[in-house]
**Q** 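Here it is: the structure, laid out below.
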Amino acid sequence: MSTTTINLIDSFQEFKDFKNIDRPTVISVLEEVFRSMLRKKYGTDENCDVIVNPDNGDLEIWRTRKVMEDGFSEDDDLEIELAEVSKLDNTLEVGDDYIEQITLESFGRRAILAARQTLVSKVLELEKDEIFKKYKDRVGEVVSGEVYQVWKKETLVLDDEGNELLMPKTEQIPADYFKKGDSVRAVISKVEMINANPKIIISRTAPEFLQRLFEQEVPEIFDGLITIKKIVREPGERAKVAVESYDDRIDPVGACVGMKGSRIHGIVRELKNENIDVINFTNNTSLYITRALSPAKITSIKLDDDTKHASVYLKPDQVSLAIGRGGHNIKLAGKLTGYEIDVYREAGEETDEDVDLEEFSDEIDSWIIDELKAIGCDTAKSVLALTVEDLVKRTDLEEETIKEVVQILKSEFE
């Protein structure tokens, strides 16, 4: 047997081991490859039988031709004349079928190499289709994989079958740091075919990832006794999860947090210490907004349902809590409730001397005043209560600018 033939048989052997492809598909692909070789060689394959045994990589090809009287054969591919056939088998008569086995060698070396090429590319194509099909139905599921390569803009992760998953930088939590060989969990967020290659995007920043982690940690969510109504995230910083229970005996927030935080602790660790606020969902908007702004305590709230606007009044020491570090708390509360929330110090709380920032508009640019208000500082004392470092961190203002502002405000009280 020539080495090329053995090569082709090897391709078979490989072929039957392919992980994602079912047997009928294997057989039909192999059959198609050989039928195209037969068509090239004989002009037709309609009188040929191809028998493939994928278990041991065996292959038989049989060709049948009708025995004709000498001089009466019109088509040598389908018919054979008696004179010729009697050299091969002298028991046959006119009208009989002459069946011969076609060996692989008879196709010649080049045809076999071409067939092997076709086979390999067909397999790859099938594998890609299978991967695409397999993952397309799994969008929203959590997968575990091993980091294979880390690039600047994305990380390549291999699942347990060696399929490639891509995690772009934008889908990683800012504190994520991966190196080759690390194991990583993420949610499948998008599966698409690009130039006949399946591209599977996984994400650790998607709200679905947090939702799946809750389902894994909290049996009541998995069983449907507690529903997650909405999740909003600032990945790696803070998340708010609104939950609701249809069973009055179950406290949804308590069940999600667990004894001494045991259930939520694992999730927080997985998300690189993202702060997770779990709150009770309610259809009472003002109560919902009040809960969404936790840990800040609200004194009163005014709603404008037409413009979806809420004005929230708090004691001065609660304002920065409501806004949160980097404004994350108020931003997420707004996303969770669908209302634009403005925070105000409660009137009457100010001592006489405190001055509204607007009063300084002739000395301080209005955009600077807006920046300060955005972090909940709307009076002179509220700005002075914070250190320069704090103000630099929380606003988009330069240190120089802040020092000038502080100087102007201080001189007001001197």
Side-chain angles (χ1 to χ4, degrees), residues 206-215 217-235 237-261 263-264 267-268 271 274-349 373-376 378:
E208 290 78 40
F209 185 48
L210 181 48
Q211 177 156 354
R212 294 295 168 268
L213 293 177
F214 265 107
E215 287 166 7
E217 295 286 337
V218 184
E220 291 87 340
I221 292 179
F222 186 78
D223 297 336
L225 298 170
I226 295 176
T227 312
I228 294 180
K229 299 293 279 188
K230 192 166 184 183
I231 293 181
V232 289
R233 281 179 74 188
E234 202 64 52
E237 289 286 345
R238 194 169 206 137
K240 289 187 183 284
V241 182
V243 291
E244 185 174 34
S245 156
Y246 296 113
D247 185 333
D248 298 340
R249 292 165 302 184
I250 294 177
D251 160 28
V253 174
C256 291
V257 175
M259 288 285 289
K260 294 188 177 165
R263 287 174 171 180
I264 207 155
I267 300 177
V268 170
L271 299 181
E274 195 167 301
N275 263 318
I276 302 174
D277 302 328
V278 184
I279 63 166
N280 241 320
F281 177 78
T282 169
N283 286 318
N284 172 341
T285 310
S286 60
L287 180 56
Y288 192 30
I289 292 174
T290 305
R291 287 174 181 169
L293 277 171
S294 73
K297 306 266 183 294
I298 286 172
T299 316
S300 63
I301 186 166
K302 282 186 192 149
L303 292 182
D304 181 344
D305 291 328
D306 298 336
T307 58
K308 290 271 188 190
H309 206 279
S311 303
V312 175
Y313 296 88
L314 315 97
K315 291 200 162 69
D317 60 342
Q318 294 295 309
V319 171
S320 59
L321 262 183
I323 287 163
R325 199 178 80 201
H328 293 313
N329 198 50
I330 191 163
K331 193 160 137 196
L332 289 175
K335 277 191 192 167
L336 189 72
T337 55
Y339 272 69
E340 197 177 320
I341 302 172
D342 281 332
V343 172
Y344 297 99
R345 281 182 154 47
E346 216 184 343
E349 282 290 325
K373 283 182 153 184
I375 65 160
D378 40 22

**Q** Go through the structure and list residues passing side-chain hydrogen bond (donor to acceptor under 3.5 Å, both in side chains) with Asp342, not counting sequence neighbours.
**A**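 side-chain hydrogen bond (donor to acceptor under 3.5 Å, both in side chains) check on Asp342 returns His309.
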
**Q** Just do the side-chain contact (heavy atoms from CB on, under 4.5 Å) check on Tyr246 and Thr227 with the steps written out, would you?
**A** CA-CA 8 Å; Tyr246 296 113; Thr227 312; 3.0 Å; yes

**Q** What distance do Leu271 atom CG and Phe209 atom CZ have between them, rounded to the nearest 0.5 Å?
**A** 6.0 Å

**Q** Ignoring hydrogens, what is the shortest heavy-atom contact between Gly376 and Val319? Give both atom names and the distance.
**A**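 Closest heavy-atom pair between Gly376 and Val319: O-CG1, 3.4 Å.
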
**Q** Show me the donor-acceptor pairs, under 3.5 Å and distance only, between side chains in residues 217-224 and residues at least two apart or in other chains.
**A**
residue	atom	partner	partner atom	Å
Glu220	OE1	Arg263	NH1	3.0

**Q** Which residues pass the salt bridge (charged side-chain N to carboxylate O under 4.0 Å, His left out) test with Glu244, sequence neighbours left out?
**A**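 If we apply the salt bridge (charged side-chain N to carboxylate O under 4.0 Å, His left out) test to Glu244, skipping adjacent residues, the hits are Lys229.
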
**Q** Would Asn329 and Leu321 satisfy side-chain contact (heavy atoms from CB on, under 4.5 Å), going step by step from the backbone distance to the final call?
**A** CA-CA 8 Å; Asn329 198 50; Leu321 262 183; over 6 Å; no

**Q** Rounded to the nearest 0.5 Å, what separates atom CG in Leu336 from atom CD1 in Ile231?
**A**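 So the gap between those two atoms works out to 10.0 Å.
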
**Q** Measuring only between side-chain heavy atoms, which start at C-beta, is Phe214 closer than 4.5 Å to Ile228?
**A**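 Side-chain contact under 4.5 Å: yes.
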
**Q** Residues two or more places apart in sequence or in another chain: which of them pass side-chain hydrogen bond (donor to acceptor under 3.5 Å, both in side chains) with Asp306?
**A** none

**Q** From Leu293 CG over to Leu314 CG, what is the distance, rounded to the nearest 0.5 angstrom?
**A** 7.0 Å

**Q** Can you list every salt bridge (Lys or Arg N to Asp or Glu O under 4.0 Å) pair that touches residues 329-338, not counting sequence neighbours?
**A**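 Checked against salt bridge (Lys or Arg N to Asp or Glu O under 4.0 Å) - neighbours excluded - the pairs reaching residues 329-338 are Glu234-Lys331.
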
**Q** Could you pull out all residues at least two apart from Ala206 that satisfy side-chain contact (heavy atoms from CB on, under 4.5 Å)?
**A**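 Only Val187, Ser203, Glu208 meet the side-chain contact (heavy atoms from CB on, under 4.5 Å) criterion with Ala206.
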
**Q** Check whether any side-chain heavy atom of Ile289 sits under 4.5 Å from a side-chain heavy atom of Leu303, and report yes or no.
**A** yes

**Q** Which pairs, with at least one residue in residues 283-293 and sequence neighbours excluded, count as a side-chain hydrogen bond (donor to acceptor under 3.5 Å, both in side chains)?
**A**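 For residues 283-293: Asn284-Ser286.
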
**Q** Minimum heavy-atom separation for Ile226 and Pro252, please, with both atom names.
**A**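 Closest approach of Ile226 to Pro252, heavy atoms only: CD1-CA, 3.7 Å.
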
**Q** Rounded to the nearest 0.5 Å, what's the gap from CG on Asp247 to CD1 on Ile250? Could you check?
**A**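 CD1 of Ile250 is found 4.5 Å from CG of Asp247.
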
**Q** Got a sec, which residues hit side-chain hydrogen bond (donor to acceptor under 3.5 Å, both in side chains) with Gln318, two or more places apart in sequence or on another chain?
**A**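 Partners of Gln318 under the side-chain hydrogen bond (donor to acceptor under 3.5 Å, both in side chains) test: none.
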
**Q** Taking only residues two or more places apart in sequence, or in another chain, which ones meet Glu274 in a salt bridge (charged side-chain N to carboxylate O under 4.0 Å, His left out)?
**A**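 Testing Glu274 for salt bridge (charged side-chain N to carboxylate O under 4.0 Å, His left out), a comparison that skips the adjacent residues, returns Arg233.
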
**Q** Does anything in residues 292-305 pair up under side-chain hydrogen bond (donor to acceptor under 3.5 Å, both in side chains), and if so which pairs, sequence neighbours excluded?
**A**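 Of all non-adjacent pairs touching residues 292-305, those that pass side-chain hydrogen bond (donor to acceptor under 3.5 Å, both in side chains) are Thr299-Glu346, Asp304-Thr307, Asp305-Tyr339.
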
**Q** Between Asn280 and Leu287, is the side-chain contact (heavy atoms from CB on, under 4.5 Å) condition met? List the steps.
**A** CA-CA 10 Å; Asn280 241 320; Leu287 180 56; over 6 Å; no

**Q** Kindly write out the residues that satisfy side-chain hydrogen bond (donor to acceptor under 3.5 Å, both in side chains) with Asp277, not counting sequence neighbours, or none if the list is empty.
**A**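 Result, side-chain hydrogen bond (donor to acceptor under 3.5 Å, both in side chains) vs Asp277: Arg238, Lys240.
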
**Q** Could you state the interatomic distance from CD1 (Ile264) to SG (Cys256), rounded to the nearest 0.5 Å?
**A**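 Taking CD1 in Ile264 and SG in Cys256, the distance rounds to 7.0 Å.
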
**Q** What's the separation between atom CD1 in Ile323 and atom CD1 in Ile341, rounded to the nearest 0.5 Å?
**A**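 Taking CD1 in Ile323 and CD1 in Ile341, the distance rounds to 11.0 Å.
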
**Q** Check the pair Val232 / Val241 against side-chain contact (heavy atoms from CB on, under 4.5 Å), numbers first and verdict last.
**A** CA-CA 7 Å; Val232 289; Val241 182; over 6 Å; no

**Q** Going by salt bridge (charged side-chain N to carboxylate O under 4.0 Å, His left out), name the residues that satisfy it together with Glu215, two or more places apart in sequence or in a different chain.
**A**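 Applying salt bridge (charged side-chain N to carboxylate O under 4.0 Å, His left out) to Glu215 gives Arg212.
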
